[in-house]
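Notes follow the structure.
Naming: A, B, ... by sequence-line order, numbering from 1 per chain. All values below were derived from every heavy atom in this structure, side-chain atoms included, with hydrogens, water molecules and symmetry-related copies excluded.
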Number of protein chains: 2
Amino acid sequence: MAAQEQYEELAQQLSAIGAVKRGLGRVLPQECPAGAAAVLALVERHGEMRMSRLAELLAIDMSVTSRHVAHVAGRGWIDRSPDPADKRSRILRLTPAGRDMLAEIAERYTRALTHYLGDWSDDEVEQLNSLLGRLRASFDDCRPTASTPAADVT
Amino acid sequence: MAAQEQYEELAQQLSAIGAVKRGLGRVLPQECPAGAAAVLALVERHGEMRMSRLAELLAIDMSVTSRHVAHVAGRGWIDRSPDPADKRSRILRLTPAGRDMLAEIAERYTRALTHYLGDWSDDEVEQLNSLLGRLRASFDDCRPTASTPAADVT
DNA sequence: TATTGTTATACTCTATAACTATA
DNA sequence: TATAGTTATAGAGTATAACAATA
């Protein structure tokens with residue numbers, strides 16, 4: 001259990017971290033904004049999936065997910081094939097072109113971070129990754145999506 | 001110096017941290033969106049300042065800063081008085097109403113974070129704050145703004 | 001009737017460029 | 001001529017609501 005000033009400080013840090021995200025986003029290819037890059041990365045990491053699953057992983061509304069996916073599908077980076085088991089659903093798969101784009105993105109991200117974080121140790125980056133992962137997890141656990149069995153006191 | 005996978009992982013984590021920011025932003029009062037709250041917090045923390053200084057602290061363009069400040073000034077939370085020493089400038093000062101709003105925001109942030117991070121130790125939050133601070137600093141150091149003494153090889 | 005996904009609309013945040021006033 | 005700040009415009013990201021097709 002942390003102190004109140006620590007929480008206020010954390011809120012400040014999170015507010016300010018947007019500058020870092022924007023800086024990193026600026027290295028992306030023109031055709032591939034941050035939202036599109038996130039889609040590609042998640043489909044690569046978790047394998048083929050449906051729209052609803054992707055929306056859950058992105059932690060954004062499915063309507064927004066739909067637009068991002070339309071963007072990457074329009075450029076041939078993702079394949080949307082109908083799910084034979086449920087014709088309402090679509091299965092998302094990374095295409096070879098998608099993998100190429102992802103490799104390009106990874107290279108740009110790595111180059112930028114090497115530049116900015118050249119003086120960070122392996123351990124420090126590892127720690128930050130770990131803490132950010134836990135932070136997300138702590139928020140996910142309390143989301144109204146799924147894993148909320150009951151509690152319907154109207 | 002970290003490994004490439006760590007950098008890719010960090011890029012992923014930063015991309016995903018937006019969900020946390022949005023979650024935290026949802027607890028803010030209707031009249032005070034995240035951008036406005038950031039303005040108030042920085043003026044409280046650093047004391048009275050000019051627009052250009054605030055823009056630098058926010059790490060956003062002054063045009064955007066101007067809109068955020070207009071928002072908080074319009075609600076009486078910030079006072080914009082002309083700088084007697086330079087009539088082009090305006091000095092920003094927190095008003096009592098601004099302090100009240102800030103107290104309200106701090107309370108909401110703290111309540112939310114207590115809820116989400118109840119199982120985090122004092123040390124863990126401290127570590128995360130520290131690493132996020134360093135991350136920002138590492139990016140700031142490489143920004144084209146100020147602290148770029150020479151290098152004008154046209 | 002409920003669920004999957006898409007589209008329309010609106011809001012927040014940001015950047016670029018044009019503009020005003022002052023140095 | 002250069003700088004401080006404002007405003008107009010455009011683009012990315014997100015949420016809500018209405019809608020289509022299928023379960």
Side-chain angles (χ1 to χ4, degrees), chain A residues 14-39 49-74 78 80-92 143-146, chain B residues 14-39 49-74 78 80-92 143-146:
Chain A
L14 288 174
S15 159
I17 218 62
V20 173
K21 290 185 60 176
R22 286 196 302 282
L24 211 50
R26 268 188 272 273
V27 310
L28 288 172
Q30 273 293 336
E31 288 280 281
C32 187
V39 166
M49 67 182 77
R50 307 193 307 172
M51 293 291 306
S52 51
R53 167 74 175 141
L54 178 59
E56 192 186 319
L57 289 173
L58 286 168
I60 58 178
D61 193 87
M62 193 159 55
S63 65
V64 183
T65 306
S66 182
R67 287 212 329 176
H68 288 325
V69 168
H71 180 95
V72 296
I78 282 276
R80 280 187 289 189
S81 51
D83 184 346
D86 183 343
K87 285 172 191 164
R88 294 173 303 179
S89 286
R90 304 231 241 173
I91 306 292
L92 308 177
R143 264 199 309 181
T145 331
Chain B
L14 288 175
S15 159
I17 217 63
V20 174
K21 289 185 60 175
R22 286 196 302 281
L24 211 50
R26 268 187 272 274
V27 310
L28 289 172
Q30 273 292 338
E31 287 280 280
C32 187
V39 166
M49 67 182 78
R50 306 194 307 172
M51 293 290 306
S52 50
R53 167 74 175 140
L54 178 58
E56 192 185 319
L57 289 173
L58 286 167
I60 58 178
D61 193 87
M62 193 159 57
S63 65
V64 182
T65 306
S66 182
R67 287 213 330 173
H68 288 325
V69 169
H71 180 96
V72 295
I78 283 276
R80 280 186 290 190
S81 50
D83 183 346
D86 183 342
K87 285 171 190 163
R88 294 173 304 180
S89 286
R90 304 231 241 174
I91 306 293
L92 308 177
R143 264 199 309 180
T145 330

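- Of all nucleotides listed (C:dT4, D:dA15, D:dT6), D:dA15 comes nearest to the side chain of B:R22.
- Within the 3.5 Å criterion, the main-chain N or O of A:A59 finds a donor-acceptor partner in the side chain of B:R22.
- Remark: the backbone N or O of A:A37 is not paired with any side-chain donor or acceptor of A:H68 at under 3.5 angstrom.
- For the pair A:R88 and A:R67, both in contact range of DNA chain D, the more 5′-proximal nearest nucleotide belongs to A:R67.
- The shortest heavy-atom contact between B:S66 and B:M51 is CA-CE, 3.5 Å.
- A:D61 places its CG atom 14 Å from the P atom of C:dT7, with the value rounded to the nearest Å.
- Residue B:H68 contributes atom NE2, which lies 14 Å from atom C1' of D:dT6 at whole-angstrom precision.
- Set against D:dT6, C:dT22, C:dA15, the side chain of A:R26 has C:dA15 as its closest nucleotide.
- Of the residues in residues 27-35 of chain A, A:P33, A:A34, A:G35 come within less than 4.0 Å of DNA chain D through at least one heavy atom, sorted by number.
- Closest approach to the A:M62 side chain among D:dT22, D:dG5, C:dT4 is made by C:dT4 (side chain taken as heavy atoms from C-beta onward).
- Between the P atom of C:dT3 and the CG atom of A:D83 lies a distance of 17 Å, rounded to the nearest Å.
- Contact annotation for A:R53: no contact, since no heavy-atom pair falls under 4.0 Å across all strands.
- Residue B:S52 places no side-chain N or O under 4.0 Å from the OP1 or OP2 atom of D:dT3.
- Scanning atom types as modelled, no donor and acceptor separated by under 3.5 angstrom connect the side chain of A:S63 and the base of D:dT14.
- In this structure, A:I17 and B:K21 have side chains that are in contact, with non-hydrogen atoms separated by less than 4.5 Å.
- Residue B:S89 places no side-chain N or O under 4.0 Å from the OP1 or OP2 atom of C:dT22.
- Annotation: side chain of B:L92 is not in contact with side chain of B:R53 (no heavy-atom distance under 4.5 Å).
- Distance CD1 (A:I60) to C1' (D:dT16): 14 Å, rounded to an integer number of Å.
- In this structure, the nucleotide among D:dA15, C:dT22, C:dT6 sitting nearest to the side chain of A:V64 is D:dA15.
- Contacts of B:M51 with the nucleic acid, taken as non-hydrogen atoms under 4.0 Å apart, involve only primed sugar atoms and P, OP1 or OP2.
- Among the heavy atoms of the strands lying under 4.0 Å from B:D86 are primed sugar atoms or P, OP1, OP2 only; no base atom is included.
- One atom, CG of A:L54, and another, P of D:dG13, lie 14 Å apart when rounded to the nearest Å.
- With D:dA4, C:dG5, C:dT6 as the candidates, the nucleotide lying closest to the side chain of A:S66 is C:dT6.
- Formation of a donor-acceptor pair under 3.5 Å by the B:H71 side chain with backbone atoms of B:C32 is not found in this model.
- In this structure, A:K21 atom NZ and C:dT12 atom C1' are separated by 14 Å, rounded to whole Å.
- Checking side-chain atoms of A:R50 against main-chain N and O of A:D83 turns up no donor-acceptor pair under 3.5 Å.
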